[in-house]
Amino acid sequence: NPDLVLFVGEALAGNDAVDQVTGFNAALSDYAVSRTPRLIDGLVLTKFDTINDKVGAALSLVYTTGKPIVFVGVGQTYADIRNLNVDHIVKALTA
């Protein structure tokens, strides 16, 4: 049993990312061996540094799943995996 189930998707995928995460959760449910399947606990978005300030895909994923964005990727190395700066996102959306 995993401690944490994360969906990893590209921030550039837009609304396709919602279809991907929905399919991922469905597969987790379909192939579960227990009566109560383990679904995702959170989201990891890659290529987060290449999207505009409105971050629509990120908001759609959080809204659809009800799960938080745990990490974002902003580069090419492990050192480029960061916690999401929620204050920055809120300021960008309200600007």
Side-chain angles (χ1 to χ4, degrees):
N1 288 330
D3 293 326
L4 192 63
V5 178
L6 298 174
F7 171 79
V8 179
E10 285 188 7
L12 296 172
N15 288 331
D16 289 339
V18 173
D19 294 337
Q20 292 169 5
V21 76
T22 302
F24 186 72
N25 260 341
L28 288 173
S29 180
D30 291 346
Y31 295 106
V33 293
S34 67
R35 287 186 170 176
T36 54
R38 178 80 181 269
L39 302 179
I40 67 165
D41 298 310
L43 306 160
V44 177
L45 293 180
T46 63
K47 300 183 181 177
F48 202 75
D49 56 325
T50 61
I51 61 172
N52 65 14
D53 291 338
K54 298 302 180 194
V55 297
L59 293 176
S60 296
L61 286 169
V62 170
Y63 179 79
T64 300
T65 63
K67 302 298 179 183
I69 297 172
V70 181
F71 298 109
V72 294
V74 294
Q76 301 294 320
T77 68
Y78 288 119
D80 296 321
I81 297 174
R82 309 267 165 74
N83 290 319
L84 179 66
N85 184 339
V86 176
D87 291 335
H88 172 74
I89 301 301
V90 171
K91 286 178 185 176
L93 289 170
T94 58

Grab the two heavy atoms, one from K67 and one from G42, that are nearest each other, plus how far apart they are.
CB-CA, 4.0 Å

In the single-linkage hydrophobic clustering (I, L, V, M, F, W, Y; side-chain heavy atoms under 4.5 Å), do V21 and L59 co-cluster?
yes

For a quick test of your reading: what N or O donor-acceptor pairs under 3.5 Å do the side chains of residues 71-79 make, sequence neighbours left out?
from: T77; atom 1: OG1; to: A79; atom 2: N; distance (Å): 3.4
from: T77; atom 1: OG1; to: D80; atom 2: OD2; distance (Å): 3.0

Distance from S60 atom OG to D16 atom CG, nearest 0.5 Å?
11.5 Å

Correct closest heavy-atom pair for L6 and L43 would be CD2-N, 4.3 Å

Assigning hydrophobic clusters by single linkage (Ile, Leu, Val, Met, Phe, Trp, Tyr; side-chain heavy-atom cutoff under 4.5 Å), is V70 placed with V86?
no

Find the distance between OG1 (T46) and CD1 (I81) and round it off to the nearest 0.5 Å.
9.5 Å

Looking only at non-hydrogen atoms, find the nearest pair between A17 and E10 and report the distance.
CB-O, 4.4 Å

When rounded to the nearest 0.5 Å, the distance separating CD1 of I40 from CG of N25 is 5.0 Å

Filter on ring-ring contact (aromatic ring centres under 6.0 Å, His included), then keep only pairs touching residues 13-36, sequence neighbours left out; what's left?
F7-F24

Decide whether V62 and V44 are clustered together by the hydrophobic rule: side chain heavy atoms of Ile, Leu, Val, Met, Phe, Trp, Tyr closer than 4.5 Å, transitively.
no

Salt bridge (Lys or Arg N to Asp or Glu O under 4.0 Å) contacts touching residues 30-44 (sequence neighbours left out):
R38-D41

L45 and A58: which non-hydrogen atoms are nearest, and at how many Å?
CD1-CB, 3.7 Å

Taking L61 as the starting point, is it possible to reach L28 by hopping between hydrophobic residues whose side chains are less than 4.5 Å apart?
yes

One should read off an interatomic distance between Q20 CD and T22 OG1, to the nearest 0.5 angstrom, of 9.5 Å

Heavy-atom distance under 4.5 Å between the side chains of V18 and Y63, does that happen here?
no

Just verifying a value: how many Å separate I69 CD1 and N85 CG, rounded to the nearest 0.5 Å?
12.0 Å

